[in-house]
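First the structure, in the form of structure tokens, and then the observations on it.
Atoms within a ligand are numbered from 1 in the order they appear, just like the ligands themselves.
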Amino acid sequence: MVQILDDPFFASMESSIGPVDEAEMLPPSCYTDPAFFEFEKDAIFAKEWLCVGRQEWVEKPGDYFTSMHMGEPIVVVKGRDGIIRSMSSVCQHRAMLVAEGHGNTRSFLCPYHHWAYSLDGQLIGAPAMERACGFDKSKIKLPNFKVEIWLGFIFVNFDLDAAPLAPRLTKVTEVLENYDLANADTSMELEELTFPWNWKVMFENNNDGYHANRLHAGPLHDIAPSELCVFPQDLPEDTAGYYRYNGTIHADASFNPTLKALLPVFPKLTDEDRNRLLFANVPPSLSLIIRADLVAFIILHANSHDTITAKRGWLAAPGAKAQPLFRERLKVNLDASAEIAAQDVHVDGLIPVGLRSRYAARGRYSWQEQAQREFNAWLVKRYKVEWAVRKAPASAA
Ligand code: FES
């Protein structure tokens, strides 16, 4: 394999973070090279806040669900004290996973040899270990991770010294305030699929208004023409997320055969809110696609350089689930959204083929792709920091 991590490679990324009318996409190897994904593990996934799910998924003490980021198995659980914790689900005996799927439990019992862990990860039982010299179960614990809840979304961070997330999401939080997502109704129509492409391919697609009425051309999506996309310039320099709008051709536009909201509109929306879609992103793992009555959230789990697992769920206005015909109306929306998603999946599946080609270019951006340039800036800033760390020992020697 060609060694791609060197100074010229990182210097070449400068051309991806200039103004959108000058910028070009990142080098294709950033999407295709396994060594680069290993680099990204340190540059991004080991340091950033990673979305794992919603607080409603652990409502009662003992409720838990599992997740995985960069191949690390994670369990999220609500303790008897009401605190939501996150920890590695790797048994500290011989690496079996102590939790799978979701459920409610009093403790995590490893199915292999029955080591038992409390809900905060402490080893509390280990049968037939009395002859193991110096074995002290009080010193053994599932590694805990940091946890933060933002608007009802649970984030974890492998870096125990990581700065809090919310103070770096102030502008995005402000933009989302009228949707009251912390109290939104969660539909249980959660879809989980694994795809054979790099995580950035999908993150960029979620964030791309340029293709909206081209790939998705047709009456269902023409309610949000690409030329009505707006890229606010009011984000702080250290923002952990960003957002954009896309105007719609009428109020309360929605992707279903009526082209209008079928569910209750989020009650605090202004007229301005009701005449646009809102796209908010907290890289590297959360995308929100927001209409007047429904929010699609997509949680991306990068597994390797060329596989990703995506969880997609939906949030509606508080109380919407109690309305008559909620499920039927939701189904109409989901069926129509599935058509659009299938078009995206087709593209996401072929882009990696193109990226691996010797003829792949670093293409220029349309003004309607400002969000890709914002994503590049977010990425390259972190790549540079990690590259400087890796180079430091060599230059100090
Ligand atoms: Fe978990 Fe042995 S691997 S108890």
Side-chain touch F297/L286, heavy atoms, less than 4.5 angstrom: yes

Plane angle bin for F36 and F10 - parallel if under 30°, tilted between 30 and 60°, otherwise perpendicular: tilted

Cationic N near anionic O, under 4.0 Å, D271 to R274: no

Expected output: side-chain E148 to main-chain L165 donor-acceptor under 3.5 Å: yes

Salt-bridge contact K146-D161 (side-chain N to carboxylate O under 4.0 Å): no

Six-ring centre of Y31, K200 cation under 6.0 angstrom, axis tolerance 45°: yes

Contacts of atom 2 (Fe) of ligand 1 with protein N/O/S atoms, counting only those under 2.8 Å: H93 ND1, H113 ND1

